[in-house]
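Model, not experiment: these values are computed from the prediction. In what follows, every heavy atom counts, from backbone to side chain, and hydrogens, waters and symmetry copies are set aside.
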Amino acid sequence: MGDNPVLSEDTPALQDVLDALDDPECRAILRETVEPMTANELIEACDIPKSTVYRKLELLSSASLVRERDSINPGGGRVTHYERSFDDVTISMDETGEFSVSVDRPPQSADERLADIWSMMGDEV
């Protein structure tokens, strides 16, 4: 989950969003990530195996529906928290029959933008 599509201005691919929202375990993760949670917290809260949680987080990240936030663990190393990164997802169809997806996101504070940059820098090292 090294690249963080939430930082991009690009709209996620329709199929990525549909795949994520069609998955019951992804929906369970989205329900829990109103506040940031670690993967271990999600494993317990959603009753999902560890390997499955990471696959589902990858799917949600690819769809730009979950944001990763890394922080420094006082005991050493980094801790990654995951949080839902949208307020609303809209699927629509235009007059030509083409489907599109629109993801409304909450505004980010300066601290949140800095945390995203920090997270990206950590992925580079």
Contacts satisfying salt bridge (Lys or Arg N to Asp or Glu O under 4.0 Å) that involve residues 34-52 (not counting sequence neighbours) are none

- prompt: For the hydrophobic clusters of this structure (ILVMFWY residues joined by side-chain heavy atoms under 4.5 Å, transitively), does one cluster hold both V66 and L18?
  reply: yes

Sequence neighbours excluded, the answer for side chain to side chain contact (heavy atoms under 4.5 Å, CB included) partners of A13 is D16

### Task
Please answer: with hydrophobic residues joined when any side-chain heavy atoms are less than 4.5 Å apart, are V34 and F86 in the same cluster?
no

Nearest heavy-atom approach of L30 to L65 is CD2-O, 3.9 Å

Go through the steps to decide whether H81 and S71 satisfy the test side chain to side chain contact (heavy atoms under 4.5 Å, CB included), and finish with yes or no. CA-CA 8 Å; H81 288 84; S71 59; 4.1 Å; yes

One should read off an interatomic distance between R78 CZ and D70 CG, to the nearest 0.5 angstrom, of 4.0 Å

Minimal heavy-atom distance between A39 and L57, with the atoms involved, is CB-CD1, 4.5 Å

- Please report the C-alpha distance between I91 and L14 in whole Å, then the side-chain angles of each, then the deciding distance to 0.1 Å, and finally whether the side chain to side chain contact (heavy atoms under 4.5 Å, CB included) criterion is met. CA-CA 8 Å; I91 309 294; L14 173 65; 3.7 Å; yes

Rounded to the nearest 0.5 angstrom, the CD-CG distance for Q15 and D22 is 9.0 Å

CG of D94 to OG1 of T96, rounded to nearest 0.5 Å, is 3.5 Å

Do D23 and L60 have side chains that get closer than 4.5 Å, going by heavy atoms? no

* Taking the side chain as every heavy atom from C-beta outward, state whether V103 and S64 have any atom pair closer than 4.5 Å. => no

R105 and S85 have their tightest heavy-atom pair at NH1-O, 2.9 Å

In E83, E32, R84, the residue satisfying side-chain contact (heavy atoms from CB on, under 4.5 Å) with M37 is E32

Hits for side chain to side chain contact (heavy atoms under 4.5 Å, CB included) against S100, two or more places apart or cross-chain, chain-then-number order -> S92

